[in-house]
Amino acid sequence: MPAPQLTIHCWLIVLIVGILLQQALRSDAFTLCKTNARADNCAHGLTTDYCGNTVCAKGPGERCGGPSNVLGQCGEGMHCKCEVCSGCSIETVECHFAKATCF
């Protein structure tokens, strides 16, 4: 059976590591949302990101989607297929058509 003093030391270490980890996760270094996101001169229109910020929409052939649309959302006239904007932008009339299957 372990000495009671050793058990107390182990629990104190676990508690301190837990507190430090909690503080680190709350810091800005681990925040995915950007509060200073800018949406100026957007060629393919505006959309809202996963944090609620107004951002530029993605254009034909640009990466999109992902968990919570972290890669971005396509502008009007397009949809995200295989993590690429497919279709034609109503803003610029540019087109890109993704492959039929995603690999």
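Within the structure, side-chain hydrogen bond (donor to acceptor under 3.5 Å, both in side chains) pairs that include any residue of residues 68-88 comprise T47-Q73, R63-E83 (at least two apart or interchain).
By the side-chain hydrogen bond (donor to acceptor under 3.5 Å, both in side chains) test, E62 pairs with no residue at all, sequence neighbours left out. Partners of T48 by side chain to side chain contact (heavy atoms under 4.5 Å, CB included), not counting sequence neighbours: none found. Residues satisfying the side chain to side chain contact (heavy atoms under 4.5 Å, CB included) test with C64, not counting sequence neighbours, are C74, C80, C85.
Between H44 and S89, the shortest heavy-atom contact is ND1-OG, 3.1 Å. P60 and C95 make their closest contact through CB-C, 3.9 Å (heavy atoms, listed as atom of the first residue, atom of the second, distance).
One hydrophobic cluster, built from ILVMFWY side chains closer than 4.5 Å, cannot hold both L71 and V84; they sit in different ones.
Judged by distance alone, the side chain of N53 and the main-chain N or O of V55 form no donor-acceptor pair under 3.5 Å.
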